> 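Quick one: this structure, given as structure tokens, is what I'll be asking you about.
None of the values given here were measured: they were computed from a predicted structure. What you see below is based on every heavy atom in this structure, not just the backbone, and it leaves out hydrogens, waters and symmetry mates.
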Amino acid sequence: MKDKILQFAKTYKKELCIVAVTAIVAVAITLFFMKKDWGSGIDVGVSGTEIDNTPQIVQKIKQIGEWEFLSVTSEELVDTTASNKVIGIKIGKDKQLVRVYTGTLRFGIDTKEMAEQSFEVIDDTLVVTLPEIKLLDENFIDEAKTVAFYENGSWSDQDRQKLYEKAVRQMKENNVTPANLSKARSNAIEQMNVMLKAMGAKRYKVK
């Protein structure tokens, strides 16, 4: 039997060598992939140089707070008239109060109000959905620049407050327009894209 085995080995020496090499290669490949999974049992498919910095980017954006994308300075002439009365009896001409108000309306967003749904990772792209553009400050009239253009008769603080409120409404009507909101929105998208790139985002989309 021993002689037959030796004779078989001599006859098929080349073939046996091929089989042995193939077996060694197969074992080496198996050990390689087993070692790859030894750490956690899961191959996440991310190289050591690729780090997901999305949470840090989201945090930095929220820390910005109020972010202005457009400011519009407006000057409005506002007036009011009333009858001069004493004990309910009209005396002389109507009194008149005319003032010129100056204000700066700031359009933008408050990033602190952005919900978690505003930031989505779709495939490998960070999608940022901006909130609607709004006035960042309702107290946009600079009262130090208010000019009493014309005034006759006696006026109370309440009368002046009503004239101020009328100026606020008039400035909003003339400046919170679709054109200004659209311009602010375009600026917002452009500036957010620049910021995301500066923060190191690889793939992103702002809408």
> Taking only residues two or more places apart in sequence or in another chain, which ones pass side-chain contact (heavy atoms from CB on, under 4.5 Å) with T81?
Q96

> Please list, chain by chain and in numerical order, all residues satisfying salt bridge (charged side-chain N to carboxylate O under 4.0 Å, His left out) with D157, sequence neighbours excluded.
none

> With hydrophobic residues grouped by side-chain heavy-atom distances under 4.5 Å, do L130 and I61 end up in a single group?
yes

> What residues, two or more places apart in sequence or in another chain, satisfy side-chain hydrogen bond (donor to acceptor under 3.5 Å, both in side chains) together with E190?
none

> Between the side chains of N175 and S74, does any donor sit under 3.5 Å from an acceptor?
yes

> With sequence neighbours left out, write down each residue that passes side-chain hydrogen bond (donor to acceptor under 3.5 Å, both in side chains) with N187, or none if nothing qualifies.
none

> Going from OG1 on T177 to NZ on K183, what distance comes out if it is rounded to the nearest 0.5 angstrom?
10.5 Å

> Within this structure, what is the OG1-CE distance for the pair T129 and M192, rounded to the nearest 0.5 Å?
10.5 Å

> What distance do T80 atom OG1 and E151 atom CD have between them, rounded to the nearest 0.5 Å?
11.5 Å

> Which residue pairs satisfy the salt bridge (charged side-chain N to carboxylate O under 4.0 Å, His left out) criterion with at least one member in residues 54-65, sequence neighbours excluded?
K62-E116

> What closest approach, in Å, do Y101 and R160 show between heavy atoms, and which atom pair accounts for it?
OH-O, 4.1 Å

> Which residue pairs satisfy the salt bridge (charged side-chain N to carboxylate O under 4.0 Å, His left out) criterion with at least one member in residues 65-79, sequence neighbours excluded?
E66-R106, E68-R106

> List the atom pairs, with distances to 0.1 Å, where a side-chain N or O of residues 193-207 and a protein N or O form a donor-acceptor pair under 3.5 Å, not counting sequence neighbours.
| unit_1 | atom_1 | unit_2 | atom_2 | d |
| --- | --- | --- | --- | --- |
| N193 | ND2 | I189 | O | 3.0 |
| R203 | NE | D124 | OD2 | 3.3 |
| R203 | NH1 | D124 | OD2 | 3.3 |

> Starting from V127 and following side-chain heavy-atom contacts under 4.5 Å between hydrophobic residues (I, L, V, M, F, W, Y), which residues can be reached?
I122

> Among pairs that include at least one residue of residues 129-139, which meet salt bridge (charged side-chain N to carboxylate O under 4.0 Å, His left out), considering only residues two or more places apart or in two chains?
E113-K134, E132-R185, E138-K172

> Evaluate the side-chain proximity of T146 to T102: yes if any heavy-atom separation is below 4.5 Å, no if none is.
no

> What pairs with Q63 under side-chain contact (heavy atoms from CB on, under 4.5 Å), at least two apart in sequence or on another chain?
Q59

> How many angstroms lie between atom CG of L135 and atom CE of M171, to the nearest 0.5 angstrom?
12.0 Å

> Using side-chain hydrogen bond (donor to acceptor under 3.5 Å, both in side chains) as the criterion, list what pairs up with Q161, not counting sequence neighbours.
E165

> How is the hydrophobic cluster of V147 composed, in terms of its other members, when Ile, Leu, Val, Met, Phe, Trp and Tyr link through side-chain heavy atoms under 4.5 Å apart, directly or indirectly?
L77, V98, V100, F149, Y150

> Got a donor-acceptor contact below 3.5 angstrom from the D159 side chain to the W155 backbone?
no

> When rounded to the nearest 0.5 angstrom, what is the spacing between OH in Y164 and CZ in R169?
12.0 Å

> Determine, using the 4.5 Å side-chain heavy-atom cutoff (strictly less than), whether L136 and V176 are members of one ILVMFWY cluster.
no

> For residues I133 and A184, report the shortest heavy-atom separation together with the two atoms involved.
CG2-CB, 3.9 Å

